[in-house]
Amino acid sequence: MANQSNSSVLRVHKNTDFTIMSNHHLRNLNLSLKAVGLMSKLLGLPDDWCYSIAGLVKICKEGETAVRAALHELIDERYVYVEKLPPNYSKSGRFEYVYHIYEIPYKDVPDGLECVELYLKMQEQNKQNADIQDTEKQDTENLHLETPAIENPRQLNTKQLSTKKSSTKELNTPASPSPSKKSESKKPFAEAVTMTETEYQKLLEQHTTDFVDKCIEVLNNYKLSNGKRYKSDYHAILSWVIERVTKDYPQLDKPVKSIVHDVNVNPFDQFV
């Protein structure tokens, strides 16, 4: 009698037009399934394919938010590096983005960069921004360690103690503590984005309200989809969110043209 077995058998039927790829990203437990799927799709595309967020959305069932979240997972795990070329470095004389895709994550410096010096310069700037954030955090944590000013205790005259009402009230009234400078508290501007009111106003001084709201929305979606946390959401917006929103939604940051009316012209003359 044949031995009965409950084990399942997987048979893969390969035909033509298949892709040979590394198993590295398939076995990376830090990647979600959508990131693994996007990486596999990227490896299956031809080298001369024009990479863009809009192009990836067209060949995927998921929407732009899901594609961006998966792409950022691959960027964080160093499977993908997006090289931004300024106009003086690009062939077209405009900003260009070169997508470098690696089957095995790169380590220190990605291979095949168009301008290695730009990468090193950007890494130095990111290091300086991280140092600034660490300094701000340390200053905030050390606020409670400030030694309050100790006032000189009142000296009582033991020779002649006055029992008048005014003197007794003065002795029993504790000295008012000197006001200490407190750090401005953060408040939520989205489900996962917090900033101080001063930081928010600084953004509004440089950009339109619609642009700032879009920056907050992009950062909020990214943090919720990736579980990412920042020491300062304000500095995260300055470091990469503004650049992304400027590229994807350039129309939001255009200043509104003010309409100037001539006081000497009656706008209702045409109806008279």
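Quick note: numbers below take in every heavy atom, side chains included, and nothing from hydrogens, waters or symmetry partners.
Cluster annotation: Val57 is connected to Tyr99 through the hydrophobic network of ILVMFWY side chains, with a link wherever side-chain heavy atoms come within less than 4.5 Å. A continuous path of Ile, Leu, Val, Met, Phe, Trp and Tyr side chains, each step under 4.5 Å between heavy atoms, connects Tyr97 with Trp49, placing both in one hydrophobic cluster. Ile101 and Val109 sit in two unconnected hydrophobic clusters of ILVMFWY residues. Membership requires side-chain heavy atoms under 4.5 Å apart, directly or through other members. In the hydrophobic clustering of this structure, Tyr102 does not group with Val36; members are Ile, Leu, Val, Met, Phe, Trp, Tyr whose side-chain heavy atoms approach within less than 4.5 Å, directly or through other members. With hydrophobic clusters built from ILVMFWY side chains whose heavy atoms lie under 4.5 angstrom apart, Trp240 shares a cluster with Val193.
A heavy-atom distance below 4.5 Å is not found between the side chains of His100 and Val80. A heavy-atom distance below 4.5 Å is found between the side chains of Leu42 and Leu74. Between Leu118 and Leu113 there is no side-chain heavy-atom pair separated by less than 4.5 Å. Glu73 has its side chain within reach of Asn226: a pair of non-hydrogen atoms, C-beta onward, lies under 4.5 Å apart. Between Thr246 and Leu252, every side-chain heavy-atom pair lies at or beyond the 4.5 Å cut-off. Annotation: side chain of Thr196 is not in contact with side chain of Tyr234 (no heavy-atom distance under 4.5 Å). At least one side-chain heavy atom of Leu38 sits less than 4.5 Å from a side-chain heavy atom of Leu71. A heavy-atom distance below 4.5 Å is not found between the side chains of His235 and Ile237.
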Decide side chain to side chain contact (heavy atoms under 4.5 Å, CB included) for Ile242 and Gln206; before the verdict, give the C-alpha distance in whole Å, the side-chain angles of both, and the deciding distance to 0.1 Å.
CA-CA 11 Å; Ile242 288 179; Gln206 302 296 328; over 6 Å; no

Should Met39 and Leu31 be marked as a side chain to side chain contact (heavy atoms under 4.5 Å, CB included) after you check the CA-CA gap, both sets of side-chain angles, and the distance that decides it?
CA-CA 10 Å; Met39 181 64 183; Leu31 295 178; 5.6 Å; no

Go through the steps for Met195 and Leu203 under the test side chain to side chain contact (heavy atoms under 4.5 Å, CB included), then give the verdict.
CA-CA 11 Å; Met195 287 185 294; Leu203 294 176; 3.9 Å; yes

Go through the steps for Glu114 and Glu83 under the test side chain to side chain contact (heavy atoms under 4.5 Å, CB included), then give the verdict.
CA-CA 8 Å; Glu114 299 287 337; Glu83 185 179 13; 3.6 Å; yes

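Here the shortest heavy-atom pairing between Glu77 and Pro105 reads O-CB, 3.4 Å. Smallest separation of non-hydrogen atoms from Thr19 and Leu43: CG2-O, 3.8 Å. Contact detail for Lys34 and Ala69: the closest heavy-atom pair is NZ-CB, 3.8 Å. Residues Ser40 and His25 approach most closely at OG-NE2, 3.0 Å, considering heavy atoms.
Tested against Gln201 for a side chain to side chain donor-acceptor pair (under 3.5 Å), the candidates Glu199, Glu197, Glu205 yield a single pass: Glu197.
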Please list every donor-acceptor pair under 3.5 Å in which a side-chain atom of residues 212-225 meets a protein atom from a residue at least two apart or in another chain.
unit_1, atom_1, unit_2, atom_2, d
Lys214, NZ, Glu217, OE1, 3.2
Asn220, OD1, Glu191, N, 3.3
Asn220, OD1, Ala192, N, 2.6
Asn221, ND2, Glu217, O, 3.3
Tyr222, OH, Asp76, OD2, 2.9
Lys223, NZ, Ala192, O, 2.8
Lys223, NZ, Asp233, OD1, 2.8
Lys223, NZ, Asp233, OD2, 3.2
Ser225, OG, Asn221, O, 2.9
Ser225, OG, Tyr222, O, 3.1

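The aromatic rings of Tyr106 and Tyr119 sit perpendicular, their planes meeting at an angle over 60°, well past the 30° parallel limit. Aromatic ring orientation, His24 versus Tyr79: perpendicular (interplanar angle above 60°, classes split at 30° and 60°).
Taking CZ of Arg27 as the reference point, atom CG of Leu29 lies at 11.0 Å (rounded to 0.5 Å). Taken to the nearest 0.5 Å, the NZ atom of Lys58 stands 13.0 Å off from the CD1 atom of Ile53. Here the CG-CE distance, from Leu120 to Met122, works out to 10.5 Å after rounding to the nearest 0.5 Å. Atom OG1 of Thr198 is separated from atom NZ of Lys186 by 12.0 Å, given to the nearest 0.5 angstrom. Going from atom CD of Gln125 over to atom NZ of Lys127 covers 13.5 Å, rounded to the nearest 0.5 Å.
Salt bridge annotation for Lys84-Glu243: present, with a cationic side-chain nitrogen under 4.0 angstrom from a carboxylate oxygen.
Summarising the local packing, NZ of Lys121 is surrounded by 12 or fewer heavy atoms from other residues, nucleotides or ligands at distances under 6.0 Å. Shown here is Ile59, whose CD1 atom has more than 12 heavy atoms of other residues, nucleotides or ligands within 6.0 Å.
Ring centroids of Tyr249 and Phe211 are separated by 6.0 Å or more, keeping the two rings apart.
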